[in-house]
Amino acid sequence: MKNLTLKQLRYFEALARHGRFRLAADACAISQPALSMQIKELEEELGSDLFERSAREVKLTAFGQTFALRVRDILRAVDELGDLARASRDPFLARLRIGVIPTIAPYLLPAIINDLNRTFDGIQIQVRETQTTKLIQELAQGELDTAIVALPVSEPSFTELKLFEEEFVLVRRHEDERKPVPEREALREMRLLLLEEGHCFRDQALSFCSIGSTRPREVMEGSSLSTLVQMVSAGIGITLIPEMAVPVETRSAHVSISRFQAPPPSRTIGMIWRNSTPLSKQLLQISEVVRRSADAARERHFSIAGGAGPERRPA
């Protein structure tokens, strides 16, 4: 197989990921006929079909699934060669591809990007906001350099670096402000508003309330923390949000914010990257900037909100 090219492997990986020629062609910035021709030539060179084709989509054959695993390893290794060259040329990085989960991105990204630009002159930052499972997949495949997520992710091939911890707060109607904060057992009997399936914050909230994810409950779902807070403002139920989201999400919502009795629900936020990346030294430097930026942003949020947030009631 002397005629296999990296270009063909990248086209194959794109088609395997997107499942449609049009989407894969757009992702590769080529025409659909050109992509189709390259895939056909690849199959002819291999002597075996990689995809089952239908009018609506394409699916990997059994051989294609095995081939895809090896291709991802090859492309990741090639990308890391590029990272090695970047690390040798640019000790402070010229480009950073960073992923962030949706329950962090709106509240910390502006400050983080500004501080990174000030610290690393000329750096090009590419941001990807999506759920943790997708960030882990894209990081493993070499499409991202690092990601900011809730820890732990428990992936042996990743380095995890803790940045900070933050509590969750209770969001209720403004009229309920003076009512006692309910115990976690009581939350199970209330109408709880949660993020939709796939968000790690949803699972953390369910865990605190001791509600099994498959147990039938009077639970309503939203696609964002903003939606959940506005639903609370409309009197539909209660919700939990991370404290960093309070100043942003409560500006236009008629709600009350309360802290839970100790020990409160919380999460650990950190950065992750591949153990094998040649950019580890640079990513450690990036993490220090992110840590300082996040701490400063959270302090500003609390100041805007009127101090260090609501006082915790004694246990």
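Please read these numbers as outputs of a predicted model, since none were measured by experiment. Basis for what follows: all heavy atoms, side chains included, without hydrogens, waters or symmetry-related copies.
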Side chain to side chain, [X] and [Y], heavy atoms closer than 4.5 Å:
X: T103; Y: L195; value: yes
X: L228; Y: V171; value: no
X: E221; Y: R202; value: yes
X: I241; Y: F168; value: no
X: L283; Y: S280; value: no
X: I101; Y: C200; value: yes
X: L50; Y: L15; value: no
X: R292; Y: D115; value: no

Requested in this report: Output yes when E288 and R291 qualify as a salt bridge under the 4.0 Å nitrogen-oxygen rule, no when they do not.
Outcome: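 R291 and E288: salt-bridged.
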
Search all heavy atoms of [X] against all heavy atoms of [Y] and return the closest pair with its distance.
X: C28; Y: A14; value: SG-CB, 3.5 Å
X: L161; Y: S287; value: CD2-OG, 3.1 Å
X: L151; Y: G270; value: CD1-CA, 3.7 Å
X: A253; Y: E249; value: CB-O, 3.8 Å
X: F63; Y: S48; value: CD2-OG, 3.5 Å
X: N275; Y: P156; value: ND2-O, 2.8 Å

Inter-residue atom distance [X].[atom1] - [Y].[atom2], 0.5 Å rounding:
X: R72; Y: R17; atom1: CZ; atom2: CZ; answer: 8.5 Å
X: R191; Y: T239; atom1: CZ; atom2: OG1; answer: 13.0 Å
X: L109; Y: E129; atom1: CG; atom2: CD; answer: 7.0 Å
X: R259; Y: E243; atom1: CZ; atom2: CD; answer: 5.0 Å
X: T132; Y: L139; atom1: OG1; atom2: CG; answer: 11.5 Å
X: L4; Y: L46; atom1: CG; atom2: CG; answer: 5.5 Å

[X], [Y]: one ILVMFWY side-chain cluster at the under-4.5 Å cut-off?
X: V169; Y: F208; answer: yes
X: L6; Y: F12; answer: yes
X: Y107; Y: F164; answer: yes
X: V149; Y: V289; answer: yes
X: L284; Y: I286; answer: yes

Requested in this report: Classify the side-chain pair D176/S256 by whether it contains a donor and acceptor separated by less than 3.5 Å.
Outcome: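 Side chains of D176 and S256: no pair found under 3.5 Å.
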
**Report entry** Donor on one side chain, acceptor on other, R172 and S258, under 3.5 Å
**Finding:**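 Note: R172 and S258 side chains meet the donor-acceptor criterion.
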
Requested in this report: Please step through salt bridge (Lys or Arg N to Asp or Glu O under 4.0 Å) for the pair E160 and R274, ending with a clear verdict.
Outcome: CA-CA 9 Å; E160 298 185 8; R274 297 184 305 279; over 6 Å; no

Query raised in the report: Do I112 and N114 pass the side-chain contact (heavy atoms from CB on, under 4.5 Å) test, and can you show the C-alpha distance, the side-chain angles, and the key distance before you say yes or no?
Result: CA-CA 6 Å; I112 289 173; N114 286 337; over 6 Å; no

**Report entry** Enclosure of D121 CG (heavy-atom neighbours >12, cutoff 6.0 Å)
**Finding:**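 Count not over threshold, so no.
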
Query - Derivation of the salt bridge (Lys or Arg N to Asp or Glu O under 4.0 Å) call for E43 and K40 - result: CA-CA 5 Å; E43 289 178 321; K40 182 178 179 181; over 6 Å; no

Requested in this report: Report the C-alpha separation of E138 and R128 in whole Å, then their side-chain angles, then the decisive distance to 0.1 Å, and conclude whether the salt bridge (Lys or Arg N to Asp or Glu O under 4.0 Å) test is met.
Outcome: CA-CA 10 Å; E138 294 173 12; R128 167 77 161 130; 2.8 Å; yes

Requested in this report: Give the intermediate values and the outcome of side-chain contact (heavy atoms from CB on, under 4.5 Å) for residues L194 and F201.
Outcome: CA-CA 9 Å; L194 296 172; F201 188 78; over 6 Å; no

Query - Member of V181, I238, L192 meeting the side-chain contact (heavy atoms from CB on, under 4.5 Å) criterion with L187 - result: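 Output: one option passes, namely I238.
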
**Report entry** Step-by-step side-chain contact (heavy atoms from CB on, under 4.5 Å) determination, M271 to V290
**Finding:** CA-CA 9 Å; M271 279 178 57; V290 172; 4.1 Å; yes

Query raised in the report: Would E143 and R97 satisfy salt bridge (Lys or Arg N to Asp or Glu O under 4.0 Å), going step by step from the backbone distance to the final call?
Result: CA-CA 8 Å; E143 298 172 24; R97 301 170 300 171; over 6 Å; no

**Report entry** N/O donor-acceptor pair under 3.5 Å between E166 side chain and M244 backbone
**Finding:**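 Yes; at least one donor-acceptor contact below 3.5 Å.
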
Query raised in the report: Okay, side chain of Q8, backbone of T5: is any donor-acceptor separation there less than 3.5 Å?
Result: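 Indeed, once roles are kept as given, a pair shorter than 3.5 Å links the two residues.
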
Requested in this report: Could you check I125 against L116 for side-chain contact (heavy atoms from CB on, under 4.5 Å), going step by step and ending with a plain yes or no?
Outcome: CA-CA 9 Å; I125 302 173; L116 286 173; 3.8 Å; yes

Query raised in the report: Could you walk me through whether D49 and T61 pass the side-chain hydrogen bond (donor to acceptor under 3.5 Å, both in side chains) check?
Result: CA-CA 7 Å; D49 289 339; T61 62; over 6 Å; no

